[in-house]
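Okay, so here's the structure we're looking at.
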Amino acid sequence: MQVPPFSLSKQLAELGPELDSAVLRILRSGHYIGGQEVRAFEESFAKSIGVAHSVSCNSGTDALILALRALDIGHGDEVITSSFSFFATAEAISAVGAKPVFVDVDLRNFLIDINEIEKAINSATKAILPVHLFGCPVNMQQLMLLARKNNLKVIEDCAQASGASWAGRSVGSWGDVGCFSFFPTKNLSAAGDGGAVTTEDFELAKRMRELAVHGMPRRYLHTQLGYNSRLDAIQAAVLNLKLPKLDSWIQKRRSAAETYKQLLDGLPGLILPNLNKEEECHSYNQFVIRVVSSSSYETLPKNLYGQLEKISDGEFSGNNSRDSLKEELNNKGVNTIIYYPIPIHLQPAYKELDYPWGSLPITEKLSMEVLSLPMFPEISREDQEYVASSIRNLLS
């Protein structure tokens, strides 16, 4: 039996003729850049998020860069964010010339620790960039209070969190700008790369729209140095077809998450997601467990972290229990993924920032323990039972 970590096959089969028709319509129209299809998606997506404006772009990474640029964040500025994320979160900050400042995360939910943020604020701090990691929403009420108190901008990284919300409001509607990715593995996915920014601010939306087309407010007038970052009409057509189905897909993901919790509850050595009431609006782009060994890092004092195995030749290890479980599951046809084996602050690309091993102990601990189980809306109960029984057999 084979269980993939993610699959589009059932979704594509379900959409079938509708998807073929939508794509073929665009191909035959000859209108591949911009146009009504893109405008329709931007309007529908803004409405779904609950904001006045949505500007589509080429990718989630571009969305972050457009947001940072539009908020005039650049050289000499610092942006506080999480190291436990995909590299693009920090890469976008560096791409505009600013400095990413990493703070640790909460061990329970993997999200940026808001209590740590205030300690990192100084005169150079310009913004906070929270990541709604794996689809779990950051406490945006608490974060926005902190940001406004310190006159800081907020850019939400919602790349993995389409369909998630906090206190009844969608992620991407709380901060100054929300940044989304429509990469094929995301909850709302295109047939290639794609992204969008969301905002209530007309002027911000206008500037981001201009930046995405070479800083051009009107044809052949360039008021600033921008980019070529456009969502093409074929991707917009795919997204227009999928967007109305997003809520039902998220409900299926949440149902699958509850099934995993029931099937895996009580297993020694595993820590399952344990959400508070607001975090139950998780959109489960991934279902992530923690695998702890008998010599659990829970018991290690922080000053012993330096004795754990270091990065070597681009590989990151230190938890044989997690790594062995992953390998043994793979042998049984259960394909899992580690998000993320090397935290951003320990990546060679950021060695000049001089974050030594042990500087973000929770982030480093999680990088050794996390394992993402197969998760997609159409995953069957049979597949989940096979995943769970395989784990039980291996851990018993």
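All heavy atoms count here, side chains included; hydrogens, waters and symmetry mates do not. Sequence positions, counted from 1, serve as the residue numbers for this chain.
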Charged N to carboxylate O under 4.0 angstrom, [X] versus [Y]?
| X | Y | result |
| --- | --- | --- |
| D113 | K119 | no |
| K332 | E328 | no |
| E258 | R254 | no |
| R148 | D176 | yes |

Any side-chain heavy atom of [X] sitting closer than 4.5 Å to one from [Y]?
| X | Y | answer |
| --- | --- | --- |
| H214 | N228 | yes |
| I289 | V370 | no |
| L15 | K245 | yes |
| N115 | Q142 | yes |
| I391 | L373 | yes |
| C57 | L66 | yes |
| L204 | H53 | no |
| E210 | M216 | no |

Requested in this report: Decide yes or no on side-chain contact (heavy atoms from CB on, under 4.5 Å) for K149 and E118, but give the supporting numbers first.
Outcome: CA-CA 10 Å; K149 171 187 171 183; E118 194 155 18; 2.9 Å; yes

Look at the aromatic rings of [X] and [Y] and report parallel, tilted or perpendicular, splitting at 30° and 60°.
| X | Y | result |
| --- | --- | --- |
| F45 | F182 | perpendicular |
| F84 | F134 | perpendicular |
| Y350 | F102 | perpendicular |

Polar side-chain atom of [X] near backbone of [Y] as donor-acceptor pair, under 3.5 Å:
| X | Y | answer |
| --- | --- | --- |
| S380 | D383 | yes |
| H132 | E156 | no |
| D265 | K261 | no |
| T336 | L371 | no |
| N150 | L152 | no |
| D323 | N320 | no |
| T81 | L129 | yes |
| Q224 | G215 | no |
| R392 | L263 | yes |
| D232 | I33 | no |

Can you tell me how far apart [atom1] ([X]) and [atom2] ([Y]) are? Round to the nearest 0.5 Å.
| X | Y | atom1 | atom2 | value |
| --- | --- | --- | --- | --- |
| L360 | D104 | CG | CG | 5.0 Å |
| Y284 | I250 | OH | CD1 | 11.5 Å |
| T185 | N285 | OG1 | CG | 6.0 Å |
| T259 | Q384 | OG1 | CD | 4.5 Å |
| L107 | I362 | CG | CD1 | 5.0 Å |
| Q286 | C136 | CD | SG | 11.5 Å |

Locate the shortest heavy-atom distance separating [X] from [Y]; write the atom from each residue and the value.
| X | Y | result |
| --- | --- | --- |
| V177 | A67 | CG1-CB, 3.6 Å |
| P343 | T363 | CB-CG2, 3.6 Å |
| L275 | R108 | CA-NH1, 4.1 Å |
| T61 | A88 | OG1-CB, 3.5 Å |
| N187 | S283 | ND2-OG, 3.0 Å |
| S82 | I344 | O-CD1, 4.1 Å |

Query raised in the report: Run the salt bridge (charged side-chain N to carboxylate O under 4.0 Å, His left out) check on R207 and E203 step by step: do they pass?
Result: CA-CA 6 Å; R207 188 169 185 202; E203 289 301 325; over 6 Å; no

Report summary line: The side-chain hydrogen bond (donor to acceptor under 3.5 Å, both in side chains) partner of S83 among E364, Q347, H345 is H345

Hydrophobic cluster membership, [X] vs [Y], 4.5 Å side-chain cutoff:
| X | Y | result |
| --- | --- | --- |
| L231 | Y32 | no |
| F183 | I338 | no |
| L329 | M1 | yes |
| V51 | I155 | no |
| V131 | I117 | yes |

Report task. Could you check E43 against R39 for salt bridge (charged side-chain N to carboxylate O under 4.0 Å, His left out), going step by step and ending with a plain yes or no? Result -> CA-CA 6 Å; E43 291 170 4; R39 288 194 295 272; 5.9 Å; no

Hey, is [atom1] on [X] packed in by over 12 heavy atoms from elsewhere, all under 6.0 Å?
| X | atom1 | value |
| --- | --- | --- |
| E382 | CD | no |
| N393 | CG | yes |
| L225 | CG | no |
| Y386 | OH | yes |
| K326 | NZ | yes |

Query - Pair Q141, W166: side-chain N/O donor-acceptor within cut-off below 3.5 Å - result: yes

Query raised in the report: Taking atom types as modelled, is there a side-chain donor on S189 or K242 under 3.5 Å from an acceptor on the other?
Result: yes

**Report entry** Pairs meeting criterion salt bridge (Lys or Arg N to Asp or Glu O under 4.0 Å) with involvement of residues 13-33, two or more places apart
**Finding:** R25-E37

Requested in this report: Apply side-chain contact (heavy atoms from CB on, under 4.5 Å) to V101 and T125, showing your working.
Outcome: CA-CA 9 Å; V101 174; T125 308; over 6 Å; no

